[in-house]
Colleague: 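Can you read through this structure? Questions will come right after.
Sequence positions, counted from 1, serve as the residue numbers for this chain.
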Amino acid sequence: MTRGPTDRVRAVERSSIRYMFDLAEEVGGDLVRLEVGEPDFDTPAAVTEAACEAARAGHTGYTSNAGVPALRDAIADRMATDYGVRADPDEVLVTTGAMEALHLAALCTVSPGDRVVFPTPAFPNYWVQARMADGVPTPVPMPADEGFALDADRLAETIGPDTALVILPSPNNPTGRTFDPDAVRVVVDAAAANDAYVVADEVYLGLSYDRDPEGVAALTGHPEHVLTVNSCSKRYAMTGWRVGWLAGTTDVVDQATKVRESTTSCAPSVSQHAALAALTGPQDAAATMYDAFRERRDYVVDRVAAVDGLSCPRPEGAFYAFLDPDLPGSSVEMAERLLREYGVVLAPGDGFGEAGAGRLRLSFANGLDRLEAGFDRIERAIDDAR
């Protein structure tokens, strides 16, 4: 008898975001692609050159499972200077992107049947990572009429003795909202009272526009309950280099390091040297990208306000706008119609949980000319539907 996929694997559904990406590839033609959350910039030249130098110097073998010591030092330094989060280098694990950091955090804190609590709309992989750790994903919808701001009391009421992990993504994907510090403290207090960990998913923290970025671990009186996840992917346009990190208490980091010895072993060595150059070298290129994203955010806010029948919460960080268009049908139906009939590609909102039903995520990691063309097509679709 041939064994098939396990129930855990069968439970992993194809995301509607991936569906739209594949559909756009199939349809082709003059499409405005606003569905993918990836910077449209090249990796800074100095970072690429540092990687080439590392390869030429022979830094092409395995590294420590925990990562190159100099990179762990640099991550600890940047966490402190940029976001106020204090961690010793031995409390930092270099991972193969933030995705692996999130996965390891779940594997090392969640026992079978434990709940993983997170506010929604949210990154679809949170559901998958909870299930892969044999946990129970527990999404908590945030109020749409308040722009999906973090409702600390609603989230805290869901946290109980059977909660192992709480995920706080700020700035949020897909809404672009950043969470109020007072609300964050309430949630962390509730997690600590139930001996649960909080994963601070801060991959977009370096793209905060309306307030100074500060890490969750720096906001609370319970930093020992906070596991910080971040990466070089978004801030430095290094998505394909696959370098992220998990920082937290030594016991969790040590266990995560043991697990990855049997999975990815270590992040790519050349990529680690590239990340070291990104974190310790000149920040001019990163600043240029930040300014461009902020200009695009401002354009998106103004354009949404100018379109009758279109609204969204103000994106305070990341590079997403969570649109509420006056169009008939479900999120997937709206997205398919916009693609096939108007040539603009967006991510269906229900892919981010039930709280996202009827909405569409727009990525403004695109030039202003493409954003203008995309909004022209969305506006035409809304006008035609009336």
Colleague: What's the spacing between L279 CG and M79 CE if we round to 0.5 Å?
Modeller: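 So the gap between those two atoms works out to 11.5 Å.
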
Colleague: Evaluate whether atom CG of D42 has more than 12 neighbouring non-hydrogen atoms of other residues, nucleotides or ligands under 6.0 angstrom away.
Modeller: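 For D42, atom CG is not crowded (no more than 12 foreign heavy atoms under 6.0 Å).
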
Colleague: Report yes or no: do V68 and Y236 belong to one cluster of Ile/Leu/Val/Met/Phe/Trp/Tyr joined by side chain heavy-atom distances under 4.5 Å?
Modeller: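 Looking at the clustering, Y236 is in the same group as V68.
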
Colleague: Taking ring pair (Phe, Tyr, Trp, His ring centres under 6.0 Å) as the definition, give me every residue that meets it alongside Y209, ordered by chain and number, with sequence neighbours left out.
Modeller: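 Here the qualifying residues are Y290.
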
Colleague: Indicate whether the side chain of T95 and that of E100 have a donor and an acceptor atom separated by less than 3.5 Å.
Modeller: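 Judged by distance alone, the side chains do not pair up.
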
Colleague: When you check the side-chain N and O atoms of W241 and T43, is any donor under 3.5 Å from an acceptor?
Modeller: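 A donor-acceptor contact under 3.5 Å links the two side chains.
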
Colleague: Can you list everything that forms a side-chain hydrogen bond (donor to acceptor under 3.5 Å, both in side chains) with D291? Sequence neighbours excluded, please.
Modeller: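 So D291 forms no side-chain hydrogen bond (donor to acceptor under 3.5 Å, both in side chains) with any residue.
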
Colleague: Does R296 make a cation-pi contact with Y299, if we ask for NZ or CZ under 6.0 Å from the ring centre and within 45° of the axis?
Modeller: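 Geometry flag: not set, cation outside 6.0 Å or 45°.
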
Colleague: Are V229 and V199 packed together at the side-chain level, in the sense that at least one heavy-atom pair is separated by less than 4.5 angstrom?
Modeller: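 Of all side-chain heavy-atom pairs linking V199 with V229, at least one is under 4.5 Å.
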
Colleague: If a pair satisfies ring pair (Phe, Tyr, Trp, His ring centres under 6.0 Å) and one of its residues is in residues 57-83, list it, with sequence neighbours excluded.
Modeller: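 Of all non-adjacent pairs touching residues 57-83, those that pass ring pair (Phe, Tyr, Trp, His ring centres under 6.0 Å) are H59-H273.
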
Colleague: Please answer: with hydrophobic residues joined when any side-chain heavy atoms are less than 4.5 Å apart, are F179 and L227 in the same cluster?
Modeller: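 No, F179 and L227 fall in different hydrophobic clusters.
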
Colleague: Looking at residues at least two apart in the chain, or sitting in another chain, which of them share a ring pair (Phe, Tyr, Trp, His ring centres under 6.0 Å) with Y204?
Modeller: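 Residues passing ring pair (Phe, Tyr, Trp, His ring centres under 6.0 Å) with Y204: F319, Y320.
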
Colleague: Judged by modelled atom types alone, do N230 and R78 share a side-chain donor-acceptor pair under 3.5 Å?
Modeller: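 No, no side-chain donor-acceptor contact under 3.5 Å.
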
Colleague: I'd like to know whether CG of D212 has more than 12 heavy-atom contacts from other residues, nucleotides or ligands below 6.0 angstrom.
Modeller: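 For D212, atom CG is not crowded (no more than 12 foreign heavy atoms under 6.0 Å).
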
Colleague: So how far is it from D326 CG to D324 CG, rounded to the nearest 0.5 Å?
Modeller: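 Rounded to the nearest 0.5 Å, the CG-CG separation comes out at 8.5 Å.
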
Colleague: Would you check if R235 and P39 make a side-chain contact, meaning some heavy-atom pair closer than 4.5 Å?
Modeller: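 Of all side-chain heavy-atom pairs linking P39 with R235, none is under 4.5 Å.
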
Colleague: Under 3.5 Å, is there a donor on one side chain and an acceptor on the other for Y342 and E379?
Modeller: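 Short answer, no.
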
Colleague: State which residues pass ring pair (Phe, Tyr, Trp, His ring centres under 6.0 Å) with F41; sequence neighbours excluded, sorted by chain then number.
Modeller: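 Only F293 meet the ring pair (Phe, Tyr, Trp, His ring centres under 6.0 Å) criterion with F41.
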
Colleague: Does any pair with a residue in residues 101-158 pass ring pair (Phe, Tyr, Trp, His ring centres under 6.0 Å), and if so which ones, sequence neighbours excluded?
Modeller: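 Only F118-Y126, F118-W127, F123-Y126, F148-F322 qualify under ring pair (Phe, Tyr, Trp, His ring centres under 6.0 Å).
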
Colleague: Would you say the side-chain atoms of T239 and E38 include a donor-acceptor pair closer than 3.5 Å?
Modeller: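 The answer is yes; a qualifying pair exists.
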
Colleague: So, T120 and E354: side-chain donor and acceptor under 3.5 Å apart, yes or no?
Modeller: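 Checked: T120/E354 side chains show no N/O donor-acceptor pair below 3.5 Å.
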
